[in-house]
Each structure stands twice: as structure tokens, then as C-alpha cells.
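See below for the structure under consideration.
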Protein chains: 2
Amino acid sequence: MIDVAAAAGVSKMTASRALRGSKDVSTESKDRVIAAAKKIGYFGNHLAASLSSARSDLVGVIVPSLTNIVFPQVMSGISDGLLGTGFQPAFGVTDYNLYREYELVGRMLSWRPAGMIITGMEQSDQTRKLLIEADIPIVQIMDTDGDAIDYVVGFSHQSAGAEMAEALFGAGRTRFGYIGCNLENDLRAKKRKQGFFDVLKRYDIAITTQLGGILSSVSEGRRLTQELLEQTPDLDCIYFSNDDVAFGGLCYCIEAGIAVPNSVALAGFNGLGLLEGFPGLIATSTTQRHDIGRASAGIITQSLQSPEQLKSRKLVMQPTINLGALQT
Amino acid sequence: MIDVAAAAGVSKMTASRALRGSKDVSTESKDRVIAAAKKIGYFGNHLAASLSSARSDLVGVIVPSLTNIVFPQVMSGISDGLLGTGFQPAFGVTDYNLYREYELVGRMLSWRPAGMIITGMEQSDQTRKLLIEADIPIVQIMDTDGDAIDYVVGFSHQSAGAEMAEALFGAGRTRFGYIGCNLENDLRAKKRKQGFFDVLKRYDIAITTQLGGILSSVSEGRRLTQELLEQTPDLDCIYFSNDDVAFGGLCYCIEAGIAVPNSVALAGFNGLGLLEGFPGLIATSTTQRHDIGRASAGIITQSLQSPEQLKSRKLVMQPTINLGALQT
DNA sequence: GTGAAAGCGCTAACAA
DNA sequence: TTGTTAGCGCTTTCAC
């Protein structure tokens, strides 16, 4: 930067101001500095800038997984929401491991990010402590069931499960099955299951359950559905932990010649594009993944620039239920 | 850090050494420092550390898209490959935009990363210049067709397309269609198409082409397949730009009662888990996304720690063709 | 094995 | 509008 300043015939400080677009610089010097910087091929050192100003333009983003397409979609929304604001996302993956989450939060905070976006409401006490003490805007996303640290953008998975149960029961289904994967780790899927079961219990309806392994996939859904339907052929409805698994179930039914949804209705969660392979055959709750990402990015930038304009600490973006062919 | 040092009764310098695990510190002081740090709840400032040592432990990773599941899978591999090495990935998305890629590279370099991993071989001259001058290990991934900047991990898309053409022709198919999405942006899909077309041209086989929009999805594949088969019902084979699109085609065929692969064979690219919905019905080239990610992370760490052990600048991980039910 | 001094490249605060 | 001074929190270097 000293070189740039020298080339432009001004002091280091004026160069710094010009490069950052401060308005307390004459147009003349500004132009000269910018020209000099371009000529020399100067690009700054965020390290030094952030150290000196005690804040960086990074926004830390923590997601549990990359293999579930839902999280990249949220990240994509965050990326879009941050574009042109001068902030940059920095993504980290926990693999649903609370200790890795703690370490990751620590590492990210040591970069002095401007804000943090973290998935879910279930952080360990240590992690919460770190986040609170960081004294930067924190947004918890994708869930609203639990204690907020600061801001929250998402929806209640418990309610989502409950509403799907009501909808399927309302459509006349009575003999229910449930298929889920990775429920030990994926606490949000577990909450949906809970909401679903609670409602049906109220109607005195029992549910046959088939649980799978860690891999929440089409292939696992296919396998589990075959097992469940061979054991319990008289089911007229199956709720799955998500759309991937549900779609696997649909593939099995199609191959086995089982009429969906007439003979057995299938319901998933998320509203993935994948479902458009067979439009309307799977009922689902469509979630606004991209918008949740955008909104959380917006909250970070707003709370940094004009916090008073933020109306609420909690933004609920409820999923919409789409019953498809079941809707009659 | 001064607080930690004081609490441990040593100097700032000894504290620094102890915290970084330097071996030139007595076990005694080391233990005291670490205990003090834990007690105070100290976690370092990477900004200051990196500025001072003129290097950070970040590895910049640049991908074109997050909505195509392939890239998160690569990122997941990178994340795994970097785990426990002390390096941390920082991801950026270009949306297939070369100017955004240039800006992103500039921004990332201004964090003085230890290395960079970037998707594809087609960077702009400006971007290449930045990367070369950064004087850190650069790994280009997912493709090998083009001029290398430094290290390369991937495979030839041109060859992959050619090999699939050979395989399908070898399986007795002669009336070919091609369906592709987003070919203007997705240069690797374009290369596969090129390789595919080149081979069939040699056999004097014409190909009916149907091109879709930017969105490479199951739904788009379904739509395009319907259009193509209604216009050209006598095709006995369709090559798709990737598995998502191919799967959409399969869904259409299944609903329309078209026998796959007997009546018409479908071929995609990637070997996505999705295909297991209907095992064996779609021919595909299975790529090692996760392994490519791991390997590229490994190259970064190796070249930083013991560059002499790196045998080659180019690691080819050729896809394997799986014809499924077509194999007979 | 430990510590003191210097400085990484920038920006905040103040002065001119 | 511009420049000067000090310092962000660490690590490097070198002396002890």
C-alpha cells in the first residue's frame, strides 16, 4: 500500500481512504490512487485490515451436512443474500457432531467474523457461551423449536409434522406407517416425527415404524419401504423423514405395481425438485430453503448497519403443505 | 494472550509457543499455559497470527454452483481431507460467472490462504495471473482438459463422453438423441457432449438434439425427453448432460409406458445415488467426487509440508462406466 | 528453555 | 482534505 501511495504521490492514509471509498478524499487524489493501485496490481490484505479495525467482513456459516441437498440450497441463499454487501460467507460443516460444531465455532470466531449463521437450536452450552460472548449478530436457522441465542429464522418442525398428520388424516387415511433415517443425528427430522406421532396418538391411531441407518437416501427409502410394506401390506399411508427417502419409497411402489396414492399415500418433507419426476404423487411440506438463507444473510447485514429497523428477533417461514393427487 | 501468560507466570512468547505446541518449551510451562488458557477461556486470534506469520491456515475453495449436488459432494471430500490437518476450507461460489470468479479469487487471496482449490480449467487470464502470482499451491479440479496452472485432479470429460458413446454403440444402439441443459455455462457438460458427438460422427451416426434452459433438473429432463420422443419416437438411445436430467427422462418413460432400456436406453453422467431409485435402468459414468475432493485437499497439505513426495502434478481419476441392464 | 524487541499491513484517532 | 502517530495481537528473530 505504501507503494501505491508513493506512486500516487499521497500518504499511506489517503491511499487507504481512497481504496476504501471514503468520501473525505478529493476526487482527484482518489482517481490517482485507484489508477496507481490498478497499475501496480495491488490488492489489499484483509488480514491486516481486519486486525486493525477489529472486525472482518466474514460471515461464518455452520451447517451439519453437505450431502443433504437442503443445506447447499440454504448456503446458496446466504451467498445470494450477501452478494454485493461487501460481506463474504465462510462455510463450515459439523457432520451433526456437537463437539466438531464447538471446535468449528471457536475457529471461526478466531477470525473475528462480522456475524454467524448456525443451523438448528441445539448447540451445546459451551458453544452457546462462545457465541454469546462473541458479541456479534448470531442467526440460528432452519428451526424455531428451542431457546434462541439471538436471531432465529426458520419454522417449527414439530408443527410441520403435526400439520402433515392432520392433512393425511383429513384426507381419510387411517392405517399409518413411518419411515425415518438418521434420527439420532438429525434432530429436526426427529421433531417432525414427534409432531406427527402426537397428533395421530390423539386420534388413537397406531403407527408402524421402520427406521433406517445414517444414510438418508433414495436407495435406503426404497429398501425400507419394501420391508415395511411386506411386513404390513395393509397400510394406506406412509410418512417419511424427508423427500429423498419418500422418493425411494415411491420408486419401490411403482416397480411393485402398488398404486400411489390410491392404494398407499406417501408423504415426505422439503418439496425437493426431485419430486417433479412424478408430479403430485408424493405429498410434501415445501420449505423455503433459499429464502431462509437470504433472510438470515439480510438479518446479519441489517443488524450491523441499522439494527433498529429489524422488527423482530424471530422470523417464521412456515412450510406449505402440498398434498398433490391426494387432494380431492 | 498476555493475560494467559500472566496467569501462567511466563512471558507472552512462551505462552505463544506453548499454545502452538512448539517443542522448545518445558513440559511444565506448557501445562501451566494450557491450563491458564482453558481457565480464562482464551481462544486465539487467527487474524493476528496470520498477519504476523504471513500465512494463514485457510484453503480457498471455489465451485461454480451449490445447487448441483456434485459440488457439495466434492466440498464434503475436501472438508474430510482437511480434517485434523489444521487447515480449514473457505468456500466460494461463482455461479458459472467468470468475472465473479475473478473477484472471488482476489478476495480470497487477500486472506493469504495457504492454498487454493478451484473448479475447472477455464479461468480467465486475469484470474490465472492472480493465482500464479500468489505463489501458493493451486489445484484445479474436476477436469483435465486444458492448461494446468499448478496441480490438477480430475478426469477428461471429453473422453468420458467418448467412452459412453463407444459403450452405447457397442451395446447395439444406433438411433441416438442428446438432451442437455445449461451447456453455455457448464463447460464440462459441453466437453462430454463434444466427445460423445465426435465418436458417433466417426460411425456416421446422426444425433437428434434437444437443449434445455439453465436449470439442470429432473423436471427439465422429464419435459425435454417428452418433447424429444414425441418428435422423434424411433430413437433407441438418449445421452443426457447428467444424471438429474437423465432421471427425469426415465420418469417420463416409466409413466408413458416406454420400456427402458429395451425400447430406449438412457445414459447420464455422475453415478448419483438418485439412480438407485430404479437400479440399473440408467447407464452412467460414475465419478469419484468425494475422492477428488479428498485428493485435492491432500495435495495442498502435502505440497505445503513435503512437496518432494508429490509424484505428479496431474492426478487422473477416470470415471467408470456402468451400463446396468443394458449390459447383456 | 525463555524472553525482549521489532514488526507484519493496515486503520482509528487526532492534528493540521 | 490530508497527514501523523499509535497500535491491533500475534510471531519472528536473536540474545540470553
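For clarity, every value in this text was computed on a predicted model and none was experimentally measured. Within every chain, numbering begins at 1; the chains are lettered A, B, ... in the order of the sequence lines, protein sequences first and strands thereafter.
For DNA chain C, the span of nucleotides reached by chain B at under 4.0 Å from its heavy atoms goes, 5' to 3', from dG1(C) to dG9(C). Nucleotides of DNA chain D that come within less than 4.0 Å of any heavy atom of chain A span, from the 5' end to the 3' end, dT1(D) to dG9(D).
Backbone-only engagement by Arg55(A) is indicated by non-hydrogen atom pairs under 4.0 Å involving sugar-phosphate atoms exclusively.
A salt bridge is defined here as a Lys NZ or Arg NE, NH1 or NH2 lying under 4.0 Å from an Asp or Glu carboxylate O, and Lys191(A) with Glu122(A) meets this definition.
A heavy-atom distance below 4.5 Å is not found between the side chains of Val61(B) and Met108(B). You'll find the side chain of Glu101(B) stays beyond 4.5 Å of the side chain of Ser124(B), heavy atoms only. Ser156(B) is listed as a side-chain neighbour of Thr144(B), based on a closest heavy-atom distance under 4.5 Å. By the 4.5 Å heavy-atom criterion applied to side chains, Ile69(B) and Arg289(B) are not counted as neighbours. Residues Thr301(A) and Phe87(A) have side chains in contact (heavy-atom distance under 4.5 Å, counting atoms from C-beta outward).
Every pair passing side-chain hydrogen bond (donor to acceptor under 3.5 Å, both in side chains) that includes a residue from residues 36-52 of chain A is listed here, sequence neighbours excluded: His46(A)-Asp57(A), His46(A)-Ser110(B).
Using a 4.0 Å cut-off on heavy atoms, the residues of residues 8-18 of chain B that approach DNA chain D are Lys12(B), Met13(B), Ser16(B), listed by number. Residues from residues 27-52 of chain B that place a heavy atom under 4.0 Å from any atom of DNA chain D, listed by number: Tyr42(B), Asn45(B), Ala48(B), Ala49(B), Ser52(B).
Environment of CZ in Phe43(A): crowded, with over 12 heavy atoms of neighbouring residues, nucleotides or ligands closer than 6.0 Å. Gln305(B) CD: more than 12 foreign heavy atoms inside a 6.0 Å radius.
Within the model, atoms NZ of Lys30(A) and CG of Asp24(A) stand 9.5 Å from one another, a figure rounded to the nearest 0.5 Å. In this structure, CG on Leu187(A) lies 7.5 Å from CG on Leu98(A), to the nearest 0.5 angstrom.
Take Gln288(A) and apply the side-chain hydrogen bond (donor to acceptor under 3.5 Å, both in side chains) test, not counting sequence neighbours, and it matches no residue.
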